[in-house]
**Student:** 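Quick one: the structure is below, questions incoming.
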Amino acid sequence: MAKLTEQDIINWSGDDYMNADHLEFFKERLLQMQQELLSNATATASHLQEQEATPDPADRATLEEEYALELRTRDRERKLLQKIQSTLRLIEDGSYGYCEDTGEPIGLKRLLARPTASLSVEAQERRERMKRQYAD
């Protein structure tokens, strides 16, 4: 079969959930996301190394705030990168696409929106309710 597209995933209505073509589609998507995150990290590293010396305290403060924001963004991306790598391992072991709480299919549309999802919508909502309930 030819490579699947997003539209193929959206329109899928077969019984063979998470078949080899689906796994290949999501693997490619995750690898692409991983590559983007790694190139962002490289760009940030080179950007921080070419730091300009500015004598004006206001300009220096602005630059430092920009760097702090960029570093916080990269930290979030670092966490996402770990999640992507974990998800790629799930694809390799054949458990990708199934809820880690219930074992039920997560759903192709949810995975299309969030390829690193490990919980079904219902399980995620249940966790969030519990978290809010016990956070107070």
**Student:** Asn19 side chain to His22 main-chain N or O, any donor-acceptor pair under 3.5 Å?
**Tutor:** yes

**Student:** Among all residues two or more places apart in sequence or in another chain, which pass the ring-ring contact (aromatic ring centres under 6.0 Å, His included) test with Tyr96?
**Tutor:** Phe26

**Student:** Would you give the length of the straight line joining atom CD1 of Ile84 to atom CD of Glu36, rounded to the nearest 0.5 angstrom?
**Tutor:** 9.0 Å

**Student:** Under 4.5 Å between side-chain heavy atoms, hopping through other hydrophobics if needed: is there a path connecting Leu69 to Leu71?
**Tutor:** no

**Student:** Please determine whether a side-chain nitrogen of the Lys or Arg among Glu100 and Arg127 lies less than 4.0 Å from a carboxylate oxygen of the Asp or Glu.
**Tutor:** yes

**Student:** Could you check whether Arg78 pairs with Asp75 (Lys NZ or Arg NE/NH1/NH2 to Asp/Glu carboxylate O, under 4.0 Å)?
**Tutor:** yes

**Student:** Rounded to the nearest 0.5 Å, what separation is found between the CG atom of Asn11 and the OG atom of Ser13?
**Tutor:** 8.0 Å

**Student:** Name each donor-acceptor pair under 3.5 Å that joins a side chain in residues 27-34 to protein atoms two or more places apart or in another chain, with its distance.
**Tutor:**
from, atom 1, to, atom 2, distance (Å)
Lys27, NZ, Glu92, OE2, 2.9
Glu28, OE1, Lys3, NZ, 3.0
Arg29, NH1, Leu112, O, 3.3
Arg29, NH2, Glu6, OE2, 2.6

**Student:** Roughly how far apart are Leu4 CG and Leu23 CG, rounded to 0.5 Å?
**Tutor:** 10.5 Å

**Student:** Taking the basic N atoms (NZ, or NE/NH1/NH2) and the acidic carboxylate oxygens, is any pair closer than 4.0 Å for Arg89 and Asp93?
**Tutor:** no

**Student:** Nearest 0.5 Å, what's the CZ-CG distance between Arg76 and Leu37?
**Tutor:** 12.0 Å

**Student:** Would you give the length of the straight line joining atom CD of Gln124 to atom CZ of Arg129, rounded to the nearest 0.5 angstrom?
**Tutor:** 11.0 Å

**Student:** Can you tell me how far CE of Met18 sits from CZ of Phe25, rounded to the nearest 0.5 angstrom?
**Tutor:** 10.5 Å

**Student:** So Thr102 and Arg126, side chain to side chain contact (heavy atoms under 4.5 Å, CB included) or not? Walk me through it.
**Tutor:** CA-CA 12 Å; Thr102 65; Arg126 197 170 34 254; 3.6 Å; yes

**Student:** Take atom CZ of Arg60 as the centre, draw a 6.0 Å sphere, and report whether it contains more than 12 heavy atoms from other residues, nucleotides or ligands.
**Tutor:** yes

**Student:** Let me see the working for Leu90 and Tyr98 under side chain to side chain contact (heavy atoms under 4.5 Å, CB included), right down to the final yes or no.
**Tutor:** CA-CA 10 Å; Leu90 292 176; Tyr98 296 92; over 6 Å; no

**Student:** According to a 4.5 Å side-chain heavy-atom criterion applied to Ile, Leu, Val, Met, Phe, Trp and Tyr, with indirect links allowed, do Val121 and Ile10 form part of one hydrophobic cluster?
**Tutor:** no

**Student:** Could you check whether Arg74 pairs with Glu77 (Lys NZ or Arg NE/NH1/NH2 to Asp/Glu carboxylate O, under 4.0 Å)?
**Tutor:** yes

**Student:** Taking the side chain as everything from C-beta on, heavy atoms only, tell me whether Glu125 gets closer than 4.5 Å to Ser120.
**Tutor:** no

**Student:** Quick check on the hydrophobic clustering: are Leu119 and Met130 connected, directly or via other members, by side-chain heavy-atom contacts under 4.5 Å?
**Tutor:** no

**Student:** Linking I/L/V/M/F/W/Y whenever their side-chain heavy atoms sit closer than 4.5 Å, directly or via other members, would Leu80 and Leu111 fall into one cluster?
**Tutor:** yes

**Student:** Look only at the side chain of Tyr67 and the backbone of Thr62, and say whether a donor-acceptor pair between them is shorter than 3.5 Å.
**Tutor:** no

**Student:** Between Glu122 and Cys99, is the side chain to side chain contact (heavy atoms under 4.5 Å, CB included) condition met? List the steps.
**Tutor:** CA-CA 10 Å; Glu122 296 81 14; Cys99 179; over 6 Å; no

**Student:** Would you check if Ile91 and Glu24 make a side-chain contact, meaning some heavy-atom pair closer than 4.5 Å?
**Tutor:** no

